[in-house]
Asks: 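Provided herewith is a single structure, encoded as structure tokens, for subsequent inquiry.
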Amino acid sequence: MSSLNRKKITEYQPQKIEKKWQKEWEKKKLFQARGPGKRARKKFYPLIEFPYPSGDGLHVGHPRPYIGMDIIARKRRMEGFDVLFPIGWDAFGLPTENYAVKTGVHPKVVTKKNTDTFRRQIQSLGISFDWSREINTTDPAYYKWTQWIFLKFFEQGLAYKSKMPINWCPSCKIGLANEEAIGGICERCEGFTEKREKEQWMLEITKYADRLDRDLDTVDYLPKIIAQQRNWIGRSEGALISFTIENALKQNVGEIEVFTTRPDTLFGATYLVLAPEHKALEKYRHEITNFPEVGSYALLGQKKDERERTDTSREKTGVEMKGLKATNPATGEHIPLFVADYVLFQYGTGSIMAVPAHDERDFEFAKKFNLPVRNVVNPYFEHPDARRKGQREKKKKIILVVEYQGKYLSIHWKPELGGRLFLGGTVEEGEENKKTALRELKEETGYIDAEIEEVAEEKFFYDYYAYSKEKAFSAEISFLYAHLKSLKKIEPTLEEKERGNFTVEWVLPEVAKKEILNPPHQRAYEIFIGKGVYVGGGFLSNSGRFDGLSTEEGGKKIMALVGGKTKTIYKLRDWVFSRQRYWGEPIPLVFCEHCAERMKNKEVRNKDLTKGEQRNPGWIPLREKDLPLKLPEVKNFKPTNDGQSPLSSIKKWREVKCPQCGGKAIRETDTMPNWAGSSWYFLRYTDPKNKKEFASKKALSYFTPVDWYNGGMEHTTLHVLYSRFWHKFLYDLKLVPTLEPYLKRTSHGLILAEGGVKMSKSKGNVVNPDAIVGRLGADTLRAYEMFMGPFDQAIAWNEESVAGVRRFLERVWKLSLLSKKTKPSKDLERLLHQTIKKVSEDIEDMKFNTAMSAFMILSNALEKEEVISQEIVLIFLRLLSPFVPHIAEELAHRLGEKTSLQKLPWPKFDSKKLVQKDATIAVQVNGKVRATITLPSSLSPKEVQKRALLLPQIKKWMEGKTVKKVIFVPGKVLNLLSFEEVLPKR
RNA sequence: GCCGGGAUGGCGGAAUCGGUAGACGCACACGACUCAAAAUCGUGCGGAGUAAUCCAUGAGAGUUCAAUUCUCUCUCCCGGCACCA
């Protein structure tokens, strides 16, 4: 530190400068997006998830994504983009409503108060949001359009009413959202909740499942986000196969269709299973001879709550549907039907063909009900070594598992001969498998008192290479199981090459499981000890004329034989769109008895009705001119005792005139879920004050799609998927110009409290940004949040490290003010250009932590200079400005810069200035670094080697050795390999 | 169970088209300044060893002149899904 203390300079006082610059930016409207105009510019639309303004105010976790995107937005402005970086409030929702229930204060009032707090807090951080476009989902001028879009869904027949279970708390007498009833426990009273059926509005997102999955190929989302969405959508390709049903009199009474992904196993289907909700139960009730039993089981199964029903550890239950038989279309066999709750009604056709030999759940069920298990797939495994080693000789082999007093016989070969195995052997010409097994047992171990107890139906096809015989084999392996009655033995008769190469051991099942790794031997463990069914592919057997075909080819042929249809299905379910709450968008529909009646009597022609009206007879949408349908003022926000929305108790609001016929009608009293307003908010930002449309075509085609959307991983499967769905729907109606709403999606990690636990009010460990800003300044908070660790990783707050970042800013402050108008040194100039490159790249990759470290390296180097170059400092400040905009502006201003840094171009690096004249090279001897040497980077490898050999360190290590081989990586490594030490490995 | 991601000093973390492991910061220790303390500045800081040197990126194997980085097996942790046929 040369000069920093020589002169008195003013102190860094963020409190004095931050407000000033925020006002300045506001006054100059620096952050307002221009929008479509005469001179079109490149636009950039970064987006953060708009916050839910909770009563607790901001905690330090909130700003992390804002700061990250702010850095990107500010960099883009400097790069000349017209940037739309908006903010708003996702203000409908439960916490506010619950607060209102408790205190009686209207949610509107609470929301106002909370948004005011949030706004003040966010503004104190100097995030470059365009506040002129602020939106609020609870503003009627906004939710008018949420309702309008909902009516479009209705009009297109994608909204429908359906009976769906809700979480019901019997003691609170209230319907709960899923997030209030986690694990079936009521959040309020901690009692058990139950499922109750209720008519709810649904949005048919499943219609878009295919496109929501497929179009993920067209967007730039983080791979883990794509994976999670795909997983959630759960696309699965399979087949529909029909089974004809016969009654007790052998009359054909109909068909049942099943969905399967394994048509190749059809010959192994030994029974059918229907979900308790399956409509065939009702259809065949008179044919089912034990219907009382079947019916009551089904009823019980339906009543069980999901938690209980999907508990996989629970034993399988079910009841046979006596009197009915299904015909396996492949075998012609008559097989029984069961109703069992392990089959889900919502997935596939709600009915399955059970193949116990190749499905774990079916196997478990078959064991319990003593149903036949028929092996139809023999595993096949090709060892990689077998692949390029010539002709494979065919042979038959056996694997014998021998049990004695709970332990299993293991032949423990030397590692290169296979390691731990069971007993194996080759079947000789004309020999029976059992005989082979006992013979091999006797020859290799000497044991003679064994009895074969089981021969597996399953065979294993194994292609491998035997190093001992230097030959590739294609083996068909049979599995046998024997019990050893006594340890009586004779002298083994070993072949020469076997002798001394293995030991005979008795091992516990755990050891066998862990240490036996050869595929067919592993399978032998599963068959006899682990009792695991084979679910993989291979070759068909017990499948008539398809025997020997691969599962893939056989599956296709079997499909053709039985007339199966290929079918793609999804795990994704339709979206329950009703909430029995007050604080949400009212659903703008009314129910008109009279209109329903007229439709029933065909007094109205279908073509005069929208698809929604046809699908939901009697439900009439409000006219567009009557939107928004405003929430009525009420005093009581509690849901009714029977779980209806509080709105249902307001008679005046509920009873209306039908917009269709003018008669008496009743309003829908449910409101929309939280996700509604956030499903399209990014569109509104483009034209937030528009009264005629949700946004003008012009604004939409200029600003959308969102270029970069950053948000939490927790919103991957709901919010992001929902909004993609809405967007695609709007696209189909030609209301938005692009297929996808977001080009790029990234995510940030949580900020945890010190100690690594989640911040929460109840734990009292919440860090309020106000405190940090007040004490250390917004720039310190910003810089620390970017420096603390990788942006996408959860990380704990650390008060001491915050102070370290503040020290860094103080140093920047000092060195900037001490800078002089001198020419920078070459080294420093190079470092500057390295920093420009590093920071520019790191911002794009959201590696803000390493960008910060590059800043620190540059400032450390500047401090060491005799005279600090102002030229460099001014560029440094420009680079810093997206991260710490206030201090950067202030310092640049003090150094005479008249223009705001946001208006100056983003610095570019000059690759010529990056080139280093000298390079430090690590000199290795036989792969170990023994010295480093700094040489002009232009030297030839020969020259470098010559100079390296002169180094004393290297001389020492090369003494008495000759250089055999040299590996040279320019600018990095010179590796000298000497003859004596590098011996051939084998 | 399945699908993702991860494991590096006392701590947060750098370095992954294989090429000097530990950048940058925190904490800590010592020194300077000070009557003293704080602040600031300087030096040191993975482990063992006086040193030469050796050992070290969750564990074990492999490929390579060279592995935190690639391959395989395993352990643990985090996130998501879960009787999805």
Side-chain angles (χ1 to χ4, degrees), chain A residues 1-2 4-5 222-232 234-236 238 258-262 265 273 275 309-314 316 340-344 346-355 358-362 364-365 415 514 517 535 569-573 713-714 716-717 749-750 784 787-790 792-805 807-808 810-811 814 847 849-857 859-860 863 920-932 956 964-978 981-982 985:
Chain A
M1 176 56 51
S2 50
L4 292 205
N5 288 328
L222 287 184
K224 64 173 169 181
I225 297 175
I226 292 189
Q228 213 164 298
Q229 285 218 359
R230 286 231 152 96
N231 192 283
W232 185 263
R235 183 190 163 93
S236 170
V258 303
F259 175 79
T260 178
T261 52
R262 293 294 299 274
T265 61
V273 189
R309 211 178 136 174
T310 57
D311 177 7
T312 48
S313 62
R314 162 185 145 249
K316 300 258 177 305
D341 64 8
Y342 81 91
V343 171
L344 304 176
Q346 306 92 318
Y347 188 72
T349 58
S351 45
I352 61 152
M353 64 178 213
V355 186
H358 304 291
D359 182 284
E360 272 161 38
R361 299 150 298 180
D362 298 342
E364 205 186 309
F365 190 81
K514 229 180 136 179
L517 302 171
V535 297
I569 60 170
Y570 303 88
K571 281 194 236 175
L572 186 71
R573 314 264 173 89
M713 277 312 283
E714 69 275 19
T716 303
T717 50
L750 240 52
Y784 171 65
F787 182 59
M788 62 196 301
D792 60 345
Q793 229 168 76
I795 195 154
W797 189 261
N798 182 306
E799 205 66 42
E800 281 171 335
S801 292
V802 184
V805 171
R807 274 200 289 274
F808 161 70
E810 275 168 18
R811 285 152 74 157
K814 279 190 203 159
K847 286 153 103 181
N849 54 332
T850 48
M852 282 298 302
S853 117
F855 289 141
M856 291 172 180
I857 291 169
S859 88
N860 287 348
E863 282 178 345
T920 303
I921 289 172
V923 184
Q924 303 181 334
V925 177
N926 293 327
K928 294 213 167 179
V929 180
R930 296 303 178 188
T932 58
K956 184 178 134 199
K964 179 71 182 164
K965 195 179 167 191
V966 179
I967 284 148
F968 181 67
V969 183
K972 285 189 173 154
V973 162
L974 177 77
N975 193 359
L976 306 167
L977 303 172
S978 72
E981 284 192 19
V982 183
K985 285 217 166 164

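Throughout, a chain's letter reflects where its sequence line sits, starting with A, and its residues are numbered from 1.
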Asks: A:Asn849 CG to B:G25 P: how many Å, rounded?
Replies: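 Rounded to the whole Å, the gap is 14 Å.
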Asks: Nearest whole Å is fine: how far is B:G25 P from A:Arg811 CZ?
Replies: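 Rounded to whole Å, this separation is 7 Å.
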Asks: Round to a whole Å and report the spacing from CG of A:Asn798 to C1' of B:A27.
Replies: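 Result: 9 Å.
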Asks: Evaluate salt bridge (Lys or Arg N to Asp or Glu O under 4.0 Å) for A:Asp341 paired with A:Arg314, printing each intermediate quantity in order.
Replies: CA-CA 11 Å; A:Asp341 64 8; A:Arg314 162 185 145 249; 2.6 Å; yes
Asks: Take atom P in B:C24 and the same atom in B:G46, then report the distance between them in whole Å.
Replies: 13 Å
Asks: Could you tell me the separation between the CG atom of A:Asn926 and the P atom of B:A66, rounded to a whole number of Å?
Replies: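 In whole Å, B:A66 P lies 9 Å from A:Asn926 CG.
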Asks: Check the chi torsion on B:G9 and let me know: syn if it falls within 90° of 0, anti if not.
Replies: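 You should classify B:G9 as syn.
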Asks: Contact class for A:Val969 (heavy atom, under 4.0 Å): base, sugar-phosphate, or nothing?
Replies: base
Asks: Which range-with-range stems can be found for RNA chain B when each stem has 3 or more Watson-Crick or G-U pairs in a row and both distances sit under 3.5 Å?
Replies: B:1-7 with B:75-81, B:10-12 with B:24-26, B:28-32 with B:40-44, B:46-48 with B:53-55, B:58-62 with B:70-74
Asks: Select from A:Trp232 and A:Asp359 the residue whose nearest nucleotide in RNA chain B is closer to the 5' end of that strand.
Replies: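 Looking at RNA chain B, the more 5' nearest nucleotide goes with A:Trp232.
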Asks: In this structure, how many angstroms lie between the P atom of B:C74 and the NZ atom of A:Lys514, rounded?
Replies: 10 Å
Asks: Ignoring hydrogens and geometry beyond distance, is the side chain of A:Lys571 in donor-acceptor contact with the base of B:C81 at under 3.5 Å?
Replies: no
Asks: Rounded to whole angstroms, how far apart are CD on A:Gln346 and P on B:C83?
Replies: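 Between P of B:C83 and CD of A:Gln346: 10 Å.
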Asks: In terms of the nearest nucleotide of RNA chain B, which residue is placed more toward the 5' end: A:Leu517 or A:Ser236?
Replies: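 Result: A:Leu517.
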Asks: Could you check whether any side-chain heavy atom of A:Trp232 comes within less than 4.5 Å of a side-chain heavy atom of A:Thr716, counting everything from C-beta outward?
Replies: no
Asks: With a 4.5 Å heavy-atom cut-off, do A:Phe365 and A:Asp359 have their side chains touching?
Replies: no
Asks: Measure from the side-chain heavy atoms of A:Ile857 and tell me the nearest of B:C24, B:G19, B:A15.
Replies: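 Of the options given, the side chain of A:Ile857 lies nearest B:C24.
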Asks: Please list each protein N or O that sits under 3.5 Å from an N or O in nucleotides 2-9 of chain B, with the distance.
Replies:
none

Asks: Examine B:C26: is either OP1 or OP2 under 4.0 Å from a nitrogen or oxygen in the side chain of A:Arg807? Give yes or no.
Replies: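 Checking B:C26 against A:Arg807, a side-chain N or O does come within under 4.0 Å of OP1 or OP2.
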Asks: Is there a side-chain polar atom (N or O) of A:Lys956 under 4.0 Å from OP1 or OP2 of B:U53?
Replies: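 True: A:Lys956 side-chain N/O within range (under 4.0 Å) of B:U53 OP1/OP2.
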